[in-house]
Engineer: 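Submitted below is the structure of interest, expressed as structure tokens.
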2 protein chains.
Amino acid sequence: MKTTAKGASALPLNTILSGDCVEAMNALPENSIDLIFADPPYNLQLKGDLHRPDNSRVDAVDDHWDQFASFEAYDRFTRAWLKAARRVLKPNGAIWVIGSYHNIFRVGAALQDAGYWILNDVVWRKSNPMPNFRGKRFTNAHETMIWASKNEGAKYTFNYEALKSLNEGVQMRSDWVLPICNGHERLKDDNGDKAHPTQKPQSLLHRVLVGSTNPGDVVLDPFFGTGTTGAVAKMLGRDFIGIEREEAYRKVAEARLKSIRKFDKETLEVSTSKRAEPRVPFGQLVERGMLRPGEELFSMNNRHKAKVRADGTLIGGDVKGSIHQVGAALEGAPSCNGWTYWCFRKDGKTIPIDVLRQQIRSEMG
Amino acid sequence: MKTTAKGASALPLNTILSGDCVEAMNALPENSIDLIFADPPYNLQLKGDLHRPDNSRVDAVDDHWDQFASFEAYDRFTRAWLKAARRVLKPNGAIWVIGSYHNIFRVGAALQDAGYWILNDVVWRKSNPMPNFRGKRFTNAHETMIWASKNEGAKYTFNYEALKSLNEGVQMRSDWVLPICNGHERLKDDNGDKAHPTQKPQSLLHRVLVGSTNPGDVVLDPFFGTGTTGAVAKMLGRDFIGIEREEAYRKVAEARLKSIRKFDKETLEVSTSKRAEPRVPFGQLVERGMLRPGEELFSMNNRHKAKVRADGTLIGGDVKGSIHQVGAALEGAPSCNGWTYWCFRKDGKTIPIDVLRQQIRSEMG
DNA sequence: TGAATCTGTGAATCCTACA
DNA sequence: GTGTAGGATTCACAGATTC
């Protein structure tokens, strides 16, 4: 075990501590940690089973460690670990906490109440989230991270240029598009099932650690799970301390960490991969007022016309549907690219709607 | 002024009320509003009408006195208006609140504490945010909205198909990419300066109102500002009630609303789901002679078959029951949509029975 | 061997009309 | 109110299988 040179208060670097995270943190020396990354239980309050349209059952997060009796109980838990975390943090240290709408508002308020100073909230936009199967809500396509310093005015670490390079030379924004953790990166248990229900992708931690720590910094994760924080910290030449109650997770994490080498090149590539050209739904032209509901569109060949509706569909004759569907129906064709088929009139001129799409794309950078 | 027909408790539809939003909401009848959209201030320097904290708090940590005082004052303000808002909301009504990391965590926790049930948090991802000039943090490129029903289990409005249409046929996600309000949409005062510091884009309200209200619904905005909510509500054929303290904003909003026209009815119709279509009992297909008793049906995957009985039930193997029950039993599935599961044969072709249901529905007009 | 197709799955507060 | 049963509902990938 590598430790610091402070004798009795030496840090148990690059190890996984067992037990309750509050007790474990209270056993660490104060003002000793550079960064905390915390992925606490979300307190999902799931009722019955959920099935996909193909009748397969969703493997939900129903683990005992995510069960709390009430919001009050969750708040007590949150305030306790945030207090212990703040004690061990160096004056210029910082914390990241990730959560969903079930818990993140309570966590954010508790952070502020405990004296932390929020620097940003950062949205992880999932490129491949699980859909909403029953069509009753929006696809839950993101999670929220809060980045906060120990105090207002603290000199926290922020590697602006490194993040800018990660983002192709443009300054990093508060919304990050990254895929969820699956494929070979997803750890499996002996039965071939997922080893942990909520394993985070390494790309997420890569960006967090590159952005808010320096090599040699000590990173603490009080909800270590299968050790993504430790794995990325090791790759990037940071020291880590993990705390995890469940022995099964600790064992998986230990094995994982043994196989990790510093500066794993593959991971760097994953975290910097580009995304494809953004899809622009026709509905955005309506929402943005570029086309008004009720406005008429004309086909390229000028043989057909259709009216725009408030939900971004068209109505032409007795056909309703997307710009593609209505175009295809009117032409009697199996398919139709509505973007190049339909035009609108402005100042006597006929302009393809694709021009508007280009405009939106250029704004999106 | 258009009002409802309830005499003394008539709603002041399509008007802007002046004064404090809590008092104004308390003067409205309870259970009368379909949707609330709120863009509360997140400036923590609240005015003198908010109480100072009790002395017992002050001795905690000197440096945090202001901070704690501000958060507490903001919480009192938030809980007061959320309570008044909840009283006027119909049992199946819903609320949207927008904010940034300065206030949204406190608002979210207060919503949950007040008994609202969070349905989604939605991220407005700004396509053209202001950059971070000092390079000390991430570009603050998003704001967060919380969508909540009045109670757990309430039957809130969600126009799933309309939103899906707006998004080019793919279900709408919890992250919305929309530009900030500028250009000619941005209202200016007499000096040519922006009339309101945080005017929201109409595109944002368009999506909110298309998604979570129906034509004729009453939308309340307790922090009306320059009236974006009212403007979009009017265009979309919804009624609105605005509340705004500042006379300058009210005047700008009044002028703005006068110039707005409602879209025509045809374009306000949105795509609806199958759930909204009339139910057709399978027995009708038998009664009408579209299927004969004794005729054989085949499962979609061609692995099972069943016989139609005179009472509109099926018998397949030793299983008797509805088209759904028999399908579920044969597949060993928890449930089955018999309409899309079973096919009949005609002239050598295999045709889903759902085609017959469509036929009946179209005859029903 | 490569292309096309099929199958599985991910932090989810996921139905509702009618008797 | 509660219980029963009809029947509506999915996107992006990765990996396996088939042609």
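So you know, we letter chains A, B, ... as the sequences are listed, proteins then strands, and number each from 1. Computation of the quantities below employed the complete heavy-atom set of this structure, encompassing side-chain atoms and omitting hydrogens, waters and symmetry-equivalent molecules.
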Engineer: Closest heavy-atom contact between Pro41(A) and Phe77(A)?
Structural biologist: CD-CZ, 3.8 Å
Engineer: Distance between the C1' atoms of dT1(C) and dC19(D), in whole angstroms?
Structural biologist: 12 Å
Engineer: Map Arg275(B) and Leu46(A) onto DNA chain C by nearest heavy atom, then report which one ends up closer to the 5' terminus.
Structural biologist: Leu46(A)
Engineer: Go through dA8(D), dG10(C), dA12(D) for me and flag the one nearest to the Arg357(B) side chain.
Structural biologist: dA8(D)
Engineer: On a whole-Å scale, what distance lies between the C1' atoms belonging to dA8(D) and dA11(C)?
Structural biologist: 25 Å
Engineer: Just do the salt bridge (charged side-chain N to carboxylate O under 4.0 Å, His left out) check on Asp311(A) and Lys164(B) with the steps written out, would you?
Structural biologist: CA-CA 8 Å; Asp311(A) 65 353; Lys164(B) 194 171 168 179; over 6 Å; no
Engineer: Within the 4.0 Å heavy-atom criterion, would you say Gly153(B) contacts the bases, only the backbone, or no part of the nucleic acid?
Structural biologist: nothing
Engineer: Report the distance from atom OH of Tyr341(B) to atom C1' of dA8(D), rounded to the nearest whole Å.
Structural biologist: 17 Å
Engineer: Picking from dC14(C), dA11(C), dT9(D), which would you name as closest to the side chain of Asn337(B)?
Structural biologist: dT9(D)
Engineer: So which nucleotide from dC11(D), dG6(D), dA12(C) ends up closest to the side chain of Gln325(B)?
Structural biologist: dG6(D)
Engineer: Between dA8(D), dC13(D), dA11(C), which nucleotide gets closest to the side-chain atoms of Ser127(A)?
Structural biologist: dC13(D)
Engineer: In plain terms, say whether Lys200(A) and Asp39(A) are close enough for a salt bridge, that is, a side-chain N and a carboxylate O under 4.0 Å apart.
Structural biologist: yes
Engineer: For a side-chain hydrogen bond (donor to acceptor under 3.5 Å, both in side chains) check, start with the C-alpha distance between Ser212(B) and Thr157(B), then their side-chain angles and the critical distance, and finish with the verdict.
Structural biologist: CA-CA 5 Å; Ser212(B) 57; Thr157(B) 298; over 6 Å; no
Engineer: OP1 or OP2 of dC14(C) sitting under 4.0 Å from any side-chain N/O of Tyr156(B)?
Structural biologist: no
Engineer: Which nucleotide in the list dG15(D), dG6(D), dT9(D) gets nearest to the side chain of Arg279(B)?
Structural biologist: dG6(D)
Engineer: Are the charged groups of Lys47(A) and Glu152(B) less than 4.0 angstrom apart, N to O?
Structural biologist: yes
Engineer: So, does Lys194(A) get its side chain near the phosphate of dG10(C), meaning an N or O under 4.0 Å from OP1 or OP2?
Structural biologist: yes
Engineer: Kindly give the heavy-atom pair with the smallest separation between Arg79(B) and Asp113(B), and that separation in Å.
Structural biologist: NH1-OD2, 3.3 Å
Engineer: On DNA chain D, compare the nucleotides closest to Glu161(B) and Arg173(B); which residue's is nearer the 5' end?
Structural biologist: Glu161(B)
Engineer: Could you please name the option among dC14(C), dT10(D), dA11(C) that lies closest to any side-chain atom of Pro131(A)?
Structural biologist: dT10(D)
Engineer: Base, sugar-phosphate alone, or nothing: which one does Thr198(A) contact when heavy atoms must sit under 4.0 Å apart?
Structural biologist: base
Engineer: Decide, yes or no, whether a salt bridge links Glu296(B) with Lys307(B) under the criterion of side-chain N to carboxylate O below 4.0 Å.
Structural biologist: no
Engineer: dG7(D) P sits how many Å from Glu277(B) CD, rounded?
Structural biologist: 12 Å
Engineer: Work out how far the P atom of dG7(D) is from that of dC14(C), and round it to whole angstrom.
Structural biologist: 23 Å
Engineer: Starting at CZ of Arg57(A) and ending at P of dG10(C), how long is that distance when rounded to a whole Å?
Structural biologist: 11 Å
Engineer: Students often get this wrong, so: under 4.0 angstrom with heavy atoms, is Tyr160(B) touching a base, only sugar-phosphate, or nothing?
Structural biologist: sugar-phosphate
Engineer: Determine, step by step, whether Asp175(B) and Arg125(A) satisfy the salt bridge (charged side-chain N to carboxylate O under 4.0 Å, His left out) criterion, reporting the C-alpha distance in whole Å, the side-chain angles of both residues, the deciding distance to 0.1 Å, and the verdict.
Structural biologist: CA-CA 7 Å; Asp175(B) 55 326; Arg125(A) 302 171 61 208; 2.8 Å; yes
Engineer: If you pin Asn182(A) and Asp54(A) to their nearest nucleotides in DNA chain D, which one's is more 5'?
Structural biologist: Asp54(A)
Engineer: Regarding Pro278(B), tell me which of base, sugar-phosphate or nothing describes its non-hydrogen contacts under 4.0 Å with the strands shown.
Structural biologist: nothing
Engineer: With heavy atoms under 4.0 Å as the rule, sort Pro129(A) into base, sugar-phosphate or nothing.
Structural biologist: base
Engineer: Looking at dA11(C), does its base get a donor-acceptor pair with the side chain of Lys200(A) below 3.5 Å?
Structural biologist: yes
Engineer: So, does Lys155(B) get its side chain near the phosphate of dC15(C), meaning an N or O under 4.0 Å from OP1 or OP2?
Structural biologist: no
Engineer: For Arg279(A) and Glu168(B), run salt bridge (charged side-chain N to carboxylate O under 4.0 Å, His left out): C-alpha distance rounded to whole Å, both residues' side-chain angles, the deciding distance at 0.1 Å, then the answer.
Structural biologist: CA-CA 9 Å; Arg279(A) 183 178 54 89; Glu168(B) 196 104 315; 5.7 Å; no
Engineer: Nearest whole angstrom, please: distance from the C1' of dG7(D) to the NZ of Lys136(A).
Structural biologist: 13 Å
Engineer: Just checking Leu119(B): base, sugar-phosphate only, or nothing, at a heavy-atom cut-off of under 4.0 Å?
Structural biologist: nothing
Engineer: Over how many whole Å does the gap from Asp121(B) atom CG to dA11(C) atom P extend?
Structural biologist: 16 Å
Engineer: Tell me whether the OP1 or OP2 atom of dT10(D) has a side-chain N or O from Lys164(B) closer than 4.0 Å.
Structural biologist: yes
Engineer: dG6(D) phosphate, OP1 or OP2: any side-chain N/O from His324(B) under 4.0 angstrom?
Structural biologist: no
Engineer: Just the rounded figure in Å: distance from C1' of dC14(C) to CH2 of Trp117(B).
Structural biologist: 12 Å
Engineer: Would you say the base of dG8(C) and the side-chain of Arg52(A) have a donor-acceptor pair closer than 3.5 Å?
Structural biologist: no
Engineer: Heavy atoms from C-beta onward define the side chain here; which of dG7(D), dT10(D), dA11(C) lies closest to that of Phe133(A)?
Structural biologist: dT10(D)
Engineer: Find the distance Asn140(A):CG to dT9(C):P and express it as a whole number of Å.
Structural biologist: 21 Å
Engineer: Mind checking if Asp39(A) touches a base, just sugar-phosphate, or nothing, with heavy atoms under 4.0 Å?
Structural biologist: base
Engineer: Tell me whether Arg106(A) is salt-bridged to Glu72(A), with the criterion being a basic N under 4.0 Å from an acidic carboxylate O.
Structural biologist: no
Engineer: Separation of Trp147(B) atom CH2 from dA12(C) atom C1', in whole Å?
Structural biologist: 14 Å
Engineer: Want to settle it: does Gln45(A) or Cys181(A) sit nearer the 5' end of DNA chain C, counting the closest nucleotide to each?
Structural biologist: Cys181(A)
Engineer: Please state whether the phosphate of dA11(C), meaning OP1 or OP2, lies under 4.0 angstrom from any side-chain nitrogen or oxygen of Arg186(A).
Structural biologist: yes
Engineer: Of Leu285(B), Leu297(B), Ile315(B), which meets side-chain contact (heavy atoms from CB on, under 4.5 Å) against Val308(B)?
Structural biologist: Leu297(B)
Engineer: Let's see if you can work this out: which of dA12(C), dA11(C), dA12(D) has an atom nearest to the side-chain heavy atoms of Ala60(A)?
Structural biologist: dA12(C)
Engineer: On the side chain of Ser335(B), is there an atom forming a donor-acceptor pair with the base of dA8(D) - under 3.5 Å, no angle test?
Structural biologist: yes
Engineer: Mind checking Val58(A) for me? I need base, sugar-phosphate or nothing, with any heavy atom below 4.0 Å counting as a touch.
Structural biologist: base
Engineer: Which helical stems does DNA chain C take part in, if a stem means at least 3 consecutive Watson-Crick or G-U pairs with both distances below 3.5 Å?
Structural biologist: C:2-10 with D:11-19, C:15-19 with D:2-6
